[in-house]
Structures are given as C-alpha cells and as structure tokens.
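We name chains A, B, ... by the order of the sequence lines, and we start the count at 1 in each one.
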Amino acid sequence: MSKRTEIKTVLTDFDSRIGQEITVMGWVRAFRSNRFIALNDGTSMNNLQVVVDFEQLDEQLLKQVHFHACIKVTGQLVASQGAGQDVELLAAKLEILGGANPEEYPMQPKAQSMEFLREKAHFRMRTNTFSAVFRIRHGIAYAVHKYFNDNGYFYLHTPIITGSDAEGAGEMFHVTTLDPANPPRTEDGAVDYSQDFFEKPTNLTVSGQLQAEIGALALGKVYTFGPTFRAENSNTSRHLAEFWMIEPEVAFYDIFDNMDLAEDFCKYLINHILEHYPAELEFLDSRIQKLEQNMPKEQRRAMGLIETLRFVVDNDFERITYTEAVNILRSSKPYKKGKFEYEVEWGKDLQAEHERFLVEKKFKKPVIVRDYPAEIKAFYMRMNEEQEQIPGRTVAAMDVLFPGIGEVIGGSQREERLDVLKARMADMNVPEEELWWYLELRKFGGCPHAGFGLGFERMVQFITGMGNIRDVIAFPRTPGNAEF
RNA sequence: GCCUCAGUAGCUCAGCUGGUUAGAGCGGCGGACUGUUAAUCCGUAGGUCCAAGGUUCAAGUCCUUGCUGAGGCGCCA
C-alpha cells in the first residue's frame, strides 16, 4: 500500500501540507450533495472533508461511496472554502478498498440505540461515541502505566489461573481440561482432579492482590493491571464477568498513605484525559446533554461531564469513617422520612442508596469511607485497635465512592501480624493450608503494607460518562453473553 | 438471583375502552443537486405485530407460559 497520511495529522498539522498531494484512507461517514465526503480513519474525532468533482471521477465508482465504505483518496490538500473545517482534500484519485452495501449493512448514519449497537460490537467502534470511548480507554490505560512508572512502581503480572479458591471475592470460573460429560472419578465418586491438567482444581483469578503482596514485600512498590473474572450472576450497569483491574500494593504504607495514593492516582488519570482528549470529552459531554434534554430535571446530571471531571480533580475527596457515615445517615432527612429501603445500623454494610446519598446529596464529590466493621470485610484487612465510642471492632479498609457509579476502589491496609491473621482466618473459615505462602510472608520479613483494587471499566465509565459498563469494554462478558 | 418495564418495517417508536386493507420519522431504493456540514427536495418499496398456547363472532391490543432486552436491587471493582 502506498503511504497514507493519518487524518489527525492532516487536521492538526496542515500548514506545511497545503498545496501538496497526499493520500488518505478511511471510512465514509457521509457523502453530501454529490460532492463532499466526510472521511474518518479513527485517528481523530473529526473528519477530513474530501471534495469530489463528478466530471473527473467514474460515476459507477462514486455510486459505491456508501456509509462506512472504506476508501483511499489521493489529491491536493487545500484551504477549505466552507466554514466547517480548515482544510479539505481535492480528490484526484479515489479507490474503493471495501464496499458497504447499505441494503445489507446494519449501521445507519443516525443515532442508534446502545442496545442495538451492543449486538453489533464488530461495527460499533466506527461510531463517534464508541471511537471516542475507546480512544479514551486507551488513554487511561496508558496513564495508569505512566503514573506508576513515573512514581517508581513495578508492573507485576500475577497469574490468570489460580490454584486457590480462598481469595474471598466471589464465585469463580473453573479451569479444567477434563471432559465435563465424563470426568475421571475417585473411588468415592468425586471428580478426580489429580488427573486434571494442573493435577488440582483451578480457577480464573478474581484478584491479583495476594500475589501482589509477594511483590510488594520484595520490590517495595508494585501494581498489577490485568483481566479479572467473577462468575457472579450480576445484572447491572456496573458489573462484568470479565473486567480489568488495577491493583497497586505498597510496602510500608498504612491506610492513610493508601488513601492519598488512591486520590492522587484517580486525579492523575482524569487530568491526563482532560489534557490529551479534549475533543472526545467535548463530544461525549454534548452527547449526554442531548440525551438528557427530554428527561425531567431531577434525572439530569447536576453538572456537565467535563465540569464534573474538573470538579473532581480540583477538590479534595471527602474522607470519613464508616462510623461517621452511619451517624450522618441516621440523622439525614431521607432516613428520618423513612425513604431508605435498607436499615442503617452500625455493623451492617452500606447499601447503594446510602452511598449515593453521601456522594451525590451530602458531599457532592468523591467520598472515601474507611474503618469498616470487621465482620463484613475480608480476612486480610488489618484489625484496628478497639475504640471506646465505637460499638465493634473495625478493620483498616477503605472504599472510594464516585458519583453515578458508586464504588470505584476498594482497598485496605493488610494484616501483617501473623497471630492476628491466623485468628481472623480461623474465624472466617479460610483454610490455612491453601494460603501457606501468604502466612509465611508474615512469618519471614513481613512489614506493614497496603493496597487497593481499582475497577478499570468503572473509571472509564466515570470519565466518559457512559451509563452502562458494557459500552466501555470492546467485548463485554455478562451472564448469558459471550458473543464476539 | 429478585422486582419493574418493554418486544410492531433495516433503526427509533405511535397504534385509545379488542372491530375491515397496520402508521410516522429516520434509513434503503429511483431521481434532482458543483459549496454541503445530522445537506436538502421529489418519488417509491418495505411487516410471521418475539414464540407457543388460550379467551372471543373478532386479538398487534386481553390471559398463561417461555425467550430476549432494558432499568432498579443484591453480590462487588
């Protein structure tokens, strides 16, 4: 193929190219007035206007310039006569690389529903909305690595297949090469996993945290960023069966260092996108405004997308303890009026409606809640000292709650005291045999350390303003859905 | 897993208390158009009303079951 110039380059760096002949390739977004082709090659939010003179080009060729057909155009770049763009390309040569017969092609040059586009995941990335989302998704992923690299963290690849089912984060997908219809059996009739590939039962990982702790206790500061699997039957706009999670783990960090890291990290990611993807954000912002035009006022966002992102980076996150949260909730208007469906009571977990009140009504910004009751949190979270005014024991856990999507981060300081950890595992029926190495980490050269898990798609959702998590991952896996 | 709502043309939807040949906008197709920007204008075709059963003289409309999707909740990131 002859060399092409990317459309983003043409549109942003055109001074030196005006008057020159260039070649561009991309997908047709519109063919107006038998003269103007809006061409997009995925590099930019904006299209290049290609101007055709039908007397100079074959009529049959121009008839194939359909919506989303892929074409190659060579011609002279000139200053545009029209008002909508700086430059345009006068087509001297036009070639159809891939036609798109509109009588069969399902995509149409108009707004289509998210549900319909989800069924067309192989085409939806050609739309403005999804190309913007996926450019931003890339930008956030890049910023994750840049942030950690620039701050002295090491990227650790924790296993996708795990031999432990004690990671305490929900139902797991089994991994096996045994024939499910006819597996080998032991004498007592159980499946004989000693004949399986790994000679033991294995699952897809639900978290890289326990292994990340191994890294932290050697390299000091590590992070993981990889796929994570939960076999929960979750049917919501913020859950996936396969998602990407970022898990920093840091030696010598306590819960407060952990909160500082979480806040700084979130702000860095948002700032990176504000700085590098303004066109995408403006498009998504206006998209939401159009969507909300017909909604009643109370259902609309209080602030625009970009305004929300600026607000989050410009303000400190609110930090409260679980006990304070319970007190705030119990003296709140909706509580007194009986508007909450679930009871607010020390010892019970905060429900989505409670978190939403704190984030969206009370503080109107991200909130970090810490020091949750020990009974409702995982075995590895560090036990706090007893406090007189608090009804029960708490652990040094923290959740970062964002407006609209709720929990984006869950983390904790880890229990480094061997005896306390063993007691907790016994209390919660976590088998020591499976996590012998986790215990030895405390026995030999242990230290205080902390970390958290950030749901990557939830962050992408927040930054792009997309309402459903299935629309910020290219190929969503949810209960009953693994197409593509 | 639970609750609520929806499924009618390629897409988005209208179709009233059941009543003849089921509608619109957009998209498609045919045509016009050399300065358009969600281009515009004229013409035109296009339907197993999600599926199966039932009630009725008569069902897109009512009932039952199932399937699919969405929203909310739970589980969490």
Side-chain angles (χ1 to χ4, degrees), chain A residues 29-38 46-57 62-63 66-68 78 80-85 88 90-91 100-120 128 167-171 206-209 225 227-247 262 286 290 299 340-342 349-356 376-378 399-402 405-411 452-462 467-471 473 478-481:
Chain A
R29 290 293 182 82
F31 189 12
R32 284 186 292 269
S33 196
N34 210 14
R35 186 162 174 75
F36 304 100
I37 299 170
N46 297 311
N47 305 322
L48 174 66
Q49 173 150 292
V50 174
V51 184
V52 298
D53 186 340
F54 66 67
E55 287 176 351
Q56 285 186 31
L57 291 169
L62 287 179
K63 285 210 161 174
H66 290 128
F67 182 64
H68 281 184
V78 298
S80 177
Q81 294 175 36
Q85 55 282 316
E88 59 196 24
L90 303 178
N101 180 1
E103 288 188 306
E104 296 171 51
Y105 185 57
M107 304 293 279
Q108 295 174 6
K110 62 176 214 166
Q112 291 186 292
S113 71
M114 290 297 114
E115 294 80 17
F116 175 75
L117 293 173
R118 228 168 269 155
E119 292 170 8
K120 312 285 175 216
N128 281 330
E167 287 166 21
E171 290 297 306
V206 293
S207 163
Q209 178 207 314
F225 184 4
T228 308
F229 308 87
R230 304 268 167 96
E232 301 285 351
N233 190 10
S234 298
N235 295 289
T236 80
S237 56
R238 45 183 200 287
H239 287 88
L240 292 164
E242 176 184 283
F243 64 101
W244 290 67
M245 187 154 63
I246 298 146
E247 295 177 288
S286 65
K290 280 179 207 154
Q299 281 178 37
F340 287 138
E341 192 184 337
Y342 291 86
D349 209 354
L350 300 178
Q351 300 297 316
E353 58 178 352
H354 308 139
E355 295 179 348
R356 291 185 86 101
I376 59 171
K377 288 289 179 182
D399 282 355
V400 180
L401 311 174
F402 269 38
I405 45 178
E407 187 178 344
V408 169
I409 286 178
F452 60 77
L454 181 147
F456 182 63
E457 281 78 15
R458 288 191 182 169
M459 183 55 82
V460 181
Q461 238 189 309
F462 180 73
N468 194 312
I469 200 164
R470 293 160 203 178
D471 300 326
I473 187 165
T478 52
N481 225 316

Handout entry: R470(A) vs H239(A), nearer the 5' end of RNA chain B by closest nucleotide
Key = R470(A)
Problem - N/O donor-acceptor pair, side chain S234(A) with base C76(B), under 3.5 angstrom - result: no
Practice task
Quick one: label A352(A) by what it contacts on the DNA or RNA (base, sugar-phosphate, nothing), any heavy atom closer than 4.0 Å.
Solution key: sugar-phosphate
Fill in the blank from the handout: When both distances are under 3.5 Å in a Watson-Crick or G-U wobble arrangement, the nucleotide paired with G25(B) is C11(B)
Handout entry: Donor/acceptor link under 3.5 angstrom from Q85(A) side chain onto base of U36(B)
Key = yes
Problem - Sugar-phosphate, base or nothing in reach of E88(A), heavy atoms under 4.0 Å - result: base
Exercise for the section: Specify the separation, in whole Å, of atom CZ of F31(A) and atom C1' of C29(B). Expected result: 17 Å
Handout entry: Student check: side-chain heavy atoms of M245(A) and S207(A) closer than 4.5 Å
Key = yes
Practice task
Between C11(B) and C49(B), how far apart are the P atoms? Round to whole Å, please.
Solution key: 15 Å
Problem - d(CZ, R32(A); C1', A39(B)) in whole Å - result: 7 Å
Practice task
For E353(A), report the nucleic acid contact type (base, sugar-phosphate, nothing); a contact means any heavy atom under 4.0 Å.
Solution key: nothing
Practice task
For U12(B) and A70(B), measure between their P atoms and round to the nearest Å.
Solution key: 13 Å
Exercise for the section: Can you check whether any acceptor in the base of G28(B) is under 3.5 Å from a donor in the side chain of E103(A), or vice versa? Expected result: no
Exercise for the section: Would you mind classifying the nucleic acid contact of S237(A) as base, sugar-phosphate or nothing, using non-hydrogen atoms under 4.0 angstrom? Expected result: sugar-phosphate
Problem - Polar side chain donor-acceptor pair, H68(A) to Y105(A), under 3.5 angstrom - result: yes
Handout entry: Given RNA chain B, 5'-ward residue of the pair G455(A) and R29(A), judged by closest heavy atom
Key = R29(A)
Handout entry: Rounded C1' spacing from A38(B) to C26(B) in Å
Key = 11 Å
Practice task
Report the distance from atom CG of N101(A) to atom P of G27(B), rounded to the nearest whole Å.
Solution key: 17 Å
Practice task
Take atom CZ of F36(A) and atom P of U40(B), then tell me their distance rounded to the nearest Å.
Solution key: 15 Å
Problem - Length of the CG-P vector between N481(A) and C67(B), whole Å - result: 16 Å
Practice task
Nearest whole angstrom, please: distance from the C1' of U37(B) to the CG of L48(A).
Solution key: 13 Å
Handout entry: Any donor-acceptor N/O pair under 3.5 Å between G35(B) base and Q81(A) side chain
Key = yes
Handout entry: Sugar-phosphate, base or nothing in reach of F243(A), heavy atoms under 4.0 Å
Key = base
Exercise for the section: Check the distance between G10(B)'s C1' and Y105(A)'s OH and give it to me in whole angstrom. Expected result: 13 Å
Exercise for the section: Just call it for I409(A): base, sugar-phosphate, or nothing, with non-hydrogen atoms closer than 4.0 Å on any strand. Expected result: sugar-phosphate
Handout entry: P atoms of A32(B) and C16(B), separation to the nearest Å
Key = 42 Å
Practice task
Could you state the atom-to-atom distance from CG of N34(A) to C1' of C41(B) in whole Å?
Solution key: 14 Å
Exercise for the section: Quick one: label Q49(A) by what it contacts on the DNA or RNA (base, sugar-phosphate, nothing), any heavy atom closer than 4.0 Å. Expected result: base
Practice task
Indicate yes or no: at least one non-hydrogen side-chain atom of V51(A) is less than 4.5 angstrom from one of F36(A).
Solution key: yes
Handout entry: Same-atom distance (P) from U65(B) to U4(B), integer angstrom
Key = 12 Å
Handout entry: E407(A) CD to D399(A) CG distance, which is reported to the nearest 0.5 Å
Key = 4.0 Å
Exercise for the section: Report yes if the side chains of R458(A) and F402(A) come closer than 4.5 Å at any heavy-atom pair, otherwise no. Expected result: no
Exercise for the section: Would you check if the side chain of E88(A) reaches a backbone N or O of S80(A) as a donor-acceptor pair within less than 3.5 Å? Expected result: no
Practice task
Have a look at K290(A) and say if it touches a base, only the backbone sugar-phosphate, or nothing, with a 4.0 Å heavy-atom cut-off.
Solution key: nothing
Problem - Counterpart base for G71(B), defined by Watson-Crick or G-U wobble contacts under 3.5 Å - result: C3(B)
